[in-house]
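Bear in mind that the values here come from a model prediction, so they are computed numbers and not experimental data.
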Amino acid sequence: TGVAISYSGLLFVGDANNRRVQIYNISSVPAVYVNTIGETGVTGNDNTHFDYLNALVVDSQDALYVLDSGNYRVQKCTTTNAWVDWTCSTFFGGSYGSDPANNEMSWSVGMGVDGSDNVYIADGVNSRILKCTPAGVCTHLIGTVGVRGTGSNTVFGWAYDVAVDSGGNIFVSDTDNLVIRKYTGAGAFTSTFAGVTLVPYLTDANHLNTPWGVTADAQGNLYVTENRGDRLVKYNAQGVQQWTVGHTGIWWQDWPAPSYPGNTLFGGMEGNPALDA
């Protein structure tokens with residue numbers, strides 16, 4: 001449900017149902033398994049276990065942040081000996097609920113990180129974006145807490161993921177409203193970057209059907225995993241679609257055999273994309 005690539009070139013995979021993060025060296029093909037964080041198949045809420053994992057991000061110091069949604073927390077994991085022994089601790093959250101005054105999250109799914117190693121959390125049911133310092137001090141940045149809807153650019157249908165580009169602009173995947181919204185670094189609404197509110201996918205380049213994960217590259221291009229549209233979509237910094245991979249709204253298993261078009265079909269992608277250097 002989540003992938004991240006470190007500055008050292010390692011791939012982290014959130015293996016949600018196995019309650020673990022798998023680490024691979026991707027300098028060669030096929031990738032080489034390196035290590036596991038968490039205990040395979042074992043659920044727990046201490047610092048050596050996860051419940052259900054979602055997004056992963058890595059900061060410039062190669063610290064790994066794991067959105068452990070089942071435990072309503074973000075875990076920060078670090079290593080000092082070349083990826084062998086990992087230590088995780090709670091960065092934010094840790095108790096069930098929807099009271100922001102008590103630092104509670106409720107089914108959060110997405111995260112992002114900026115060039116200063118601030119971490120952004122898409123806190124789903126609480127309908128907000130949190131901005132957290134590297135020390136774990138988190139503040140409410142965008143959204144109306146506990147309010148979901150369509151009537152305002154500060155209200156989300158469901159904030160699934162968040163990304164920050166090199167200029168500090170913030171992008172939020174509002175999956176229920178079928179759009180990507182753009183905000184300044186201070187949290188002020190800038191524009192509907194991609195999609196049309198509540199208009200599902202049409203056969204043109206201006207619509208999205210249930211955008212899920214988002215990430216931005218150094219040039220300000222944005223990459224979106226489109227859940228019900230079954231595509232990976234790239235936009236330039238101005239929000240103009242550059243390309244898509246996938247067949248519009250067609251699951252891989254719905255394509256009539258024997259005419260499967262190879263590796264150009266996806267099946268309802270869930271999770272965040274990641275970029276290497």
Side-chain angles (χ1 to χ4, degrees), residues 1-2 4 14 16-17 19-21 37-38 42-59 63-78 87-114 117-164 170-177 181 183 185-187 212-214 270-272:
T1 52
N17 285 332
R19 275 62 179 177
R20 66 187 181 182
V21 177
I37 307 174
V42 178
T43 300
N45 60 6
D46 59 16
N47 286 329
T48 60
H49 293 86
F50 302 109
D51 187 342
Y52 190 86
L53 292 71
N54 273 294
L56 309 176
V57 296
V58 179
D59 69 15
L64 173 70
Y65 296 84
V66 180
L67 187 42
D68 184 13
S69 299
N71 283 319
Y72 308 97
R73 66 184 181 180
V74 174
Q75 292 293 90
K76 181 177 181 178
C77 303
T78 58
T87 300
C88 300
S89 60
T90 298
F91 177 74
F92 181 78
S95 59
Y96 171 76
S98 299
D99 184 357
N102 293 328
N103 290 342
E104 294 173 353
M105 298 190 299
S106 187
W107 206 246
S108 306
V109 178
M111 283 193 302
V113 62
D114 67 18
D117 289 338
N118 297 301
V119 175
Y120 298 76
I121 303 170
D123 189 11
V125 170
N126 285 331
S127 301
R128 61 179 177 168
I129 302 298
L130 298 169
K131 179 180 179 179
C132 307
T133 69
V137 178
C138 299
T139 56
H140 173 204
L141 184 64
I142 308 171
T144 304
V145 175
V147 177
R148 296 173 59 189
T150 62
S152 168
N153 294 320
T154 61
V155 174
F156 301 118
W158 190 289
Y160 250 83
D161 202 9
V162 57
V164 186
I170 301 167
F171 300 86
V172 179
S173 174
D174 186 354
T175 186
D176 282 6
N177 283 320
R181 302 199 188 279
Y183 300 83
W212 198 285
V214 291
E270 299 180 3
N272 63 292

Which residues pass the ring pair (Phe, Tyr, Trp, His ring centres under 6.0 Å) test with Phe171, sequence neighbours left out?
Phe193
Which heavy atom of Ala63 sits nearest to which heavy atom of Thr78, and what is that distance?
CB-CG2, 3.9 Å
Got a donor-acceptor contact below 3.5 angstrom from the Ser69 side chain to the Ser108 backbone?
yes
Beyond-backbone contact of Cys132 with Asn118, side-chain heavy atoms, under 4.5 angstrom:
no
Here the pair of heavy atoms bringing Val113 nearest to Asp59 is CG2-CB, 4.2 Å
Shortest non-hydrogen separation from Cys88 to Ile37 and the atoms involved
SG-CG2, 3.7 Å
Does any pair with a residue in residues 139-159 pass ring pair (Phe, Tyr, Trp, His ring centres under 6.0 Å), and if so which ones, sequence neighbours excluded?
Trp158-Tyr160
Counting distance only, does the side-chain N/O of Thr90 pair as donor-acceptor with the main-chain N or O of Gly94 below 3.5 Å?
no
Not counting sequence neighbours, which residues clear salt bridge (charged side-chain N to carboxylate O under 4.0 Å, His left out) with Asp161? List them please.
none
Go through the steps for Tyr65 and Val58 under the test side-chain contact (heavy atoms from CB on, under 4.5 Å), then give the verdict.
CA-CA 6 Å; Tyr65 296 84; Val58 179; over 6 Å; no
Side chain to side chain donor-acceptor pair (under 3.5 Å) filter on Asp51, not counting sequence neighbours, yields none
Reported NZ-to-CD1 distance for the pair Lys131 and Ile121, which is rounded to 0.5 angstrom:
13.0 Å
Is there a side-chain contact between Val119 and Phe91 (heavy atoms, below 4.5 Å)?
yes
Does Gly157 offer a backbone N or O that forms a donor-acceptor pair with the side chain of Asp174 under 3.5 Å?
yes
Check: Leu56 and Met111 side chains under 4.5 Å, non-hydrogen atoms
no
Does the side chain of Tyr120 come within less than 4.5 Å of Val164's, by heavy atoms?
yes
Side chains of Arg19 and Thr43: donor-acceptor distance under 3.5 Å anywhere?
yes
Would a distance-only check, ignoring hydrogens and angles, find a side-chain to backbone donor-acceptor pair under 3.5 Å from Asn71 to Arg73?
no
Closest contact, heavy atoms only, Val66 versus Cys77
CG2-SG, 4.3 Å
Do Val21 and Leu64 make a side-chain contact, defined as non-hydrogen atoms from C-beta onward lying under 4.5 Å apart?
yes
For Asn153, all residues meeting side chain to side chain contact (heavy atoms under 4.5 Å, CB included), sequence neighbours excluded:
Arg181, Phe189
Heavy-atom nearest pair, Asn54 first then Val109, reads CB-O, 3.4 Å
Any side-chain heavy atom of Ile142 sitting closer than 4.5 Å to one from Ile170?
yes
Contacts of Ala16 that satisfy side chain to side chain contact (heavy atoms under 4.5 Å, CB included) - sequence neighbours left out:
Thr1, Tyr52
If only atom types and distance count, is the side chain of Arg20 paired as donor or acceptor with the main-chain N or O of Gly38 below 3.5 Å?
no
Quick one about Asn126 and Ser106 (side-chain donor to acceptor, distance below 3.5 Å, no hydrogens or angles considered), yes or no?
no
Pair Gln75-Ser89, side-chain hydrogen bond (donor to acceptor under 3.5 Å, both in side chains): steps then yes or no:
CA-CA 5 Å; Gln75 292 293 90; Ser89 60; over 6 Å; no
Closest heavy-atom pair and its distance - Gly110, Ala55
CA-CB, 3.9 Å
pair Thr144-Ser127: side-chain heavy atoms closer than 4.5 Å:
no
